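Notes for the one structure printed next.
Ligands are counted one by one from 1 in listed order, and the atoms in each one are counted from 1 as well. In this chain, numbering begins with 1 at the start of the sequence shown. Here the structure is a predicted model, which is why all the values come from computation and not from measurement.
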Amino acid sequence: MAALIDKLEHAPARLICGRHDNRPDALLEILHEVQTAEGWLSDDALRTIADALNISRAEIHGVVSFYHDYKRRESAKHCIKLCRAEACQAVGAEALAAHAEKKWNAPTSGNGADNQIELEAVYCLGNCALGPSAMIDGELFGRVTPERLDALAEQSIEKAERG
Ligand code: FES
């Protein structure tokens with residue numbers, strides 16, 4: 001039983017909760033800090049936070065699912081955000097997303113099998129006049145065709161590998 005409890009304990013989350021005196025009203029800050037430290041919010045981290053703050057797991061899951069910025073899966077090395085809002089849809093965003101899903105074998109809002117590429121659907125990147133729009137590792141691009149997306153992703157991966 002002790003082994004099971006040890007396995008469920010998430011040390012970084014416990015430490016961050018302690019820094020906030022295990023206050024339930026600090027839940028959002030704690031979640032943010034754990035995500036910044038770990039890159040995502042694992043089940044173990046959420047269980048540890050719920051235990052430390054003495055709140056229910058249902059409560060914590062409600063908060064995490066309400067805010068889109070909290071990540072419930074490990075991040076891939078590269079993130080491609082594809083705009084799926086109306087202006088981009090009108091100029092080919094759906095075909096672009098279908099191409100990306102097939103190319104990287106990743107569902108929209110999911111990771112590819114090798115965890116290299118993460119696809120995320122977003123609803124407006126503020127670049128509507130130049131759609132379809134995409135953001136690759138934080139860099140915004142417009143008029144993105146499937147061929148251009150491949151080339152931009154390739155460049156971004158190469159750039160990251162060069163450091
Ligand atoms: S609708 Fe795609 S950037 Fe605004």
Can you list the ligand 1 atoms lying under 4.0 Å from a non-hydrogen atom of [X]?
X	answer
Ala85	1 (S)
Gly126	3 (S)
Cys83	1 (S), 2 (Fe), 3 (S)

Candidate list Asn127, Leu125, Val91, test side-chain contact (heavy atoms from CB on, under 4.5 Å), partner Pro132, passing option: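 Going through the options one by one, the only one that passes is Val91.
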For residues Asp69 and His32, is any side-chain donor paired with an opposing acceptor at under 3.5 Å? no
Where atom 4 (Fe) of ligand 1 is the corner point, what angle links SG of Cys124 with SG of Cys128, to 10°? 90°
Does Lys71 come within less than 4.0 Å of Glu120, counting only side-chain N to carboxylate O? no
Got a second to check how far Ile30's CD1 is from Leu41's CG, nearest 0.5 Å? 11.5 Å
So which protein heavy atom does atom 3 (S) of ligand 1 come closest to, and at what separation?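 Ranked first by proximity to atom 3 (S) of ligand 1 is Leu125 N, 3.2 Å.
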Short N/O/S contact of Cys88 with atom 2 (Fe) of ligand 1 (below 2.8 Å):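 Yes, within the cut-off.
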Result of checking Asp43, Asp44, Asp51 against Arg47 for side-chain hydrogen bond (donor to acceptor under 3.5 Å, both in side chains):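 Output: one option passes, namely Asp44.
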